[in-house]
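When reading the values below, keep in mind they use all heavy atoms of this one structure, side chains included, and skip hydrogens, waters and symmetry mates. A quick note: this is a predicted structure, and the numbers were derived from the prediction, not measured.
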Amino acid sequence: MDGIKEYGLRNVSSHCSISEMDDYDLSKLLDKPRINVERKRSFDERSLSELSIGLARGLDMYENTYSPVGRSTLDTPTSSGRNSFEPHPMIADAWEALRRSLVFFRDQPVGTIAAYDHASEEVLNYDQVFVRDFVPSALAFLMNGEPDIVKNFLLKTLQLQGWEKRVDRFKLGEGVMPASFKVLHDPVRKTDTIVADFGESAIGRVAPVDSGFWWIILLRAYTKSTGDLTLAETPECQKGMRLILSLGLSEGFDTFPTLLCADGCSMIDRRMAIVIVAIRAGPEIGPVGKVYLVPGSTLINIMDGLIRCKGIYGYPIEIQALFFMALRCALAMLKHDAEGKEFVERIVKTEYSHTAVNKFNVIPDSIPEWVFEFMPTRGGYFIGNVSPARMDFRWFALGNCIAILASLATPEQSAAIMDLIEARWEELVGEMPLKISYPAIESHEWRIVTGCDPKNTRWSYHNGGSWPVLLWLLTAACIKTGRPQIARRAIDLAESRLLKDSWPEYYDGKLGRYVGKQARKYQTWSIAGYLVAKMMLEDPSHLGMISLEEDKQMKPLIKRSSSWTC
């Protein structure tokens with residue numbers, strides 16, 4: 001297979017490429033023999049619920065050690081014939097589709113494209129390997145005993161991180177990871193070139209911050225799955241983590257947590273504003289009067305004739321939870337040498353809140369009416385966004401699931417989130433798991449909050465759409481909280497539709513009944529998300545790759561508001 005030439009690549013403007021002469025020879029780095037992972041059949045929901053207690057203890061013992069030590073030692077009980085998983089017909093189709101999405105560089109797999117949709121007239125950037133999108137694909141390969149592609153991906157993106165990066169005329173921080181990359185194959189010269197995108201193709205031309213966080217989380221998943229400590233301990237990976245952390249832990253990052261955040265990185269709440277950027281011309285400023293669409297914020301500075309936007313609105317729960325998880329993963333992998341010890345100390349000192357009653361001075365009249373109808377007698381969730389003079393009370397699936405997996409949520413809060421999902425199944429799951437946000441934004445407000453993207457009409461795309469990729473995160477959260485029956489029910493719904501609908505990117509409608517009006521077919525993370533959910537439910541020891549237990553040593557420093565109760 002030559003590169004990914006059959007996928008119909010189109011040129012996209014970028015400022016970073018890796019030519020054949022410049023690149024590392026990955027074959028020299030892959031001398032570790034492929035491991036054989038023994039699969040075990042599944043078991044009934046009662047045994048899995050009981051198992052979650054032992055799983056928590058096992059993971060807790062692991063997290064108190066210095067660095068990852070391979071796969072979870074948790075053993076899966078032998079299943080009975082009555083309760084064992086029957087291979088679903090769509091599993092084989094899913095694996096075939098996932099392998100068809102593989103991207104090769106010099107005959108070695110380095111990632112998976114976002115979507116393999118031949119019917120679409122516009123390829124856009126769906127033919128690229130996205131850092132965020134590749135995570136469920138990577139987990140699927142790790143769970144299947146195929147770690148080489150994940151190692152290749154980690155090394156490739158790490159190398160891209162070291163290049164000088166510019167978006168328009170602005171130089172990005174050294175630690176920024178690419179949003180995506182693609183391989184260009186020259187059949188005449190028989191060379192492969194990697195071209196990276198650091199936000200040049202994104203709305204607002206802003207670079208991603210979540211890519212770096214996902215990279216750290218995936219590095220830990222690789223280390224946990226394979227037991228290979230050598231990759232994370234290499235000088236290159238150690239430096240890569242420190243560079244990412246230097247951005248996230250820098251002064252002001254907690255004030256503007258999405259300073260380098262690409263559109264949609266928090267999946268929701270992308271307030272947009274059209275502003276005239278250039279008041280006067282200059283070497284670092286575009287033409288006078290040029291109009292840009294930039295992520296909206298109440299804080300816009302005018303400096304040297306340039307209007308700059310500082311981050312998207314407020315503190316999205318999804319970025320906050322992802323940041324927290326990346327910090328904890330890095331804490332387990334950083335060496336305690338002179339450079340690493342400094343970052344370890346900075347991570348440990350990071351606090352997320354102070355104990356207080358009614359910390360945010362929430363006036364009851366500011367709570368929207370729908371919340372009172374939505375909240376069940378038992379249950380709760382982390383609201384979507386907190387910002388000056390504004391709180392977003394909507395439910396966001398990704399942030400709440402990550403909060404559970406990262407142990408940002410306490411066990412009581414995690415149980416309350418699962419109670420909410422069960423009690424509000426029709427609203428949050430409906431006919432296709434899982435609502436990315438709830439409720440949808442109506443009338444003119446959706447244009448303001450979601451960037452006036454026509455896909456974001458109510459109950460569509462990022463505005464209350466249903467995303468099958470979230471199935472793996474829901475399943476992981478269910479296993480961790482001892483609620484496997486919720487995951488099984490959600491997987492059954494997905495299996496009734498996904499293959500028949502050609503693995504779409506998202507679904508529309510209040511119940512998720514319709515294929516998204518602009519959804520790509522054969523969306524890779526929809527495919528991989530299903531496979532990861534199935535394999536994780538079948539063998540819960542896989543949860544160790546992506547789950548963190550509470551750190552007892554850090555616990556006194558992580559103070560949660562006493563106003564949050566179940």
Side-chain angles (χ1 to χ4, degrees), residues 1-24 26 97-118 120-138 141 148-167 172 176-203 205-208 210-212 214-215 218 262-265 505 520-528:
M1 190 175 189
D2 296 328
I4 50 171
K5 57 183 180 181
E6 74 264 37
Y7 297 148
L9 293 169
R10 297 194 310 136
N11 292 327
V12 177
S13 174
S14 180
H15 297 280
C16 179
S17 66
I18 301 179
S19 66
E20 181 183 27
M21 298 299 295
D22 293 328
D23 198 56
Y24 294 135
L26 286 177
L98 182 61
R99 297 193 187 283
R100 191 166 62 237
S101 71
L102 282 170
V103 176
F104 290 80
F105 180 85
R106 293 187 184 177
D107 298 323
Q108 295 180 10
V110 293
T112 52
I113 57 173
Y116 192 83
D117 188 351
H118 288 299
S120 177
E121 296 180 0
E122 288 187 294
V123 177
L124 299 177
N125 54 5
Y126 283 84
D127 61 353
Q128 299 186 31
V129 180
F130 279 81
V131 174
R132 182 196 317 149
D133 293 35
F134 180 67
V135 170
S137 296
F141 286 118
D148 289 357
I149 180 177
V150 182
K151 186 173 185 178
N152 289 346
F153 172 85
L154 290 167
L155 290 170
K156 280 296 175 190
T157 47
L158 182 63
Q159 187 182 3
L160 293 171
Q161 181 196 41
W163 282 64
E164 180 177 296
K165 302 168 282 287
R166 288 180 179 271
V167 174
L172 304 179
V176 175
M177 281 285 182
S180 62
F181 68 85
K182 65 181 178 180
V183 177
L184 300 178
H185 179 73
D186 187 336
V188 177
R189 300 176 61 184
K190 296 183 178 180
T191 59
D192 289 343
T193 303
I194 287 184
V195 180
D197 177 19
F198 289 91
E200 190 73 8
S201 300
I203 298 176
R205 301 285 180 91
V206 285
D210 67 325
S211 293
W214 279 120
W215 188 90
L218 185 57
D263 85 288
C265 81
E505 179 183 15
R520 290 301 194 275
K521 300 295 181 67
Y522 292 97
Q523 184 79 17
T524 303
W525 68 357
S526 296
I527 297 166

Would you name the heavy atoms of [X] and [Y] that are closest together and state the gap between them?
| X | Y | answer |
| --- | --- | --- |
| Leu98 | Ala528 | CD1-CB, 4.2 Å |
| Phe105 | Val110 | CB-CG1, 3.9 Å |
| Ala97 | Ile527 | CB-CD1, 3.5 Å |
| Ala179 | Ser211 | CA-OG, 3.6 Å |
| Gln523 | Asp133 | NE2-OD2, 4.0 Å |
| Ala138 | Val150 | O-CG2, 3.6 Å |

Within a strict 4.5 Å, meaning less than it, do heavy atoms of the [X] and [Y] side chains meet?
| X | Y | answer |
| --- | --- | --- |
| Arg100 | Tyr522 | yes |
| Asp197 | Pro178 | no |
| Thr193 | Val183 | no |
| Ile113 | Phe130 | no |
| Val131 | Phe153 | yes |
| Pro109 | Leu102 | yes |

For [X], all residues meeting side-chain hydrogen bond (donor to acceptor under 3.5 Å, both in side chains), sequence neighbours excluded:
| X | result |
| --- | --- |
| Trp214 | none |
| Tyr126 | Glu505 |
| Thr157 | Trp215 |

[atom2] on [Y] to [atom1] on [X], rounded to 0.5 Å:
| X | Y | atom1 | atom2 | result |
| --- | --- | --- | --- | --- |
| Trp525 | Ser101 | CH2 | OG | 13.5 Å |
| Ile149 | Arg99 | CD1 | CZ | 8.5 Å |
| Asp127 | Ser180 | CG | OG | 9.0 Å |

May I ask you to decide if [Y]'s main-chain N or O and [X]'s side chain share a donor-acceptor pair within less than 3.5 Å?
| X | Y | value |
| --- | --- | --- |
| Asp192 | Arg106 | yes |
| Ser137 | Thr112 | no |
| Asn125 | Gln128 | no |

Can Asp210 and Arg132 be counted as an ion pair, charged N to O under 4.0 angstrom?
yes
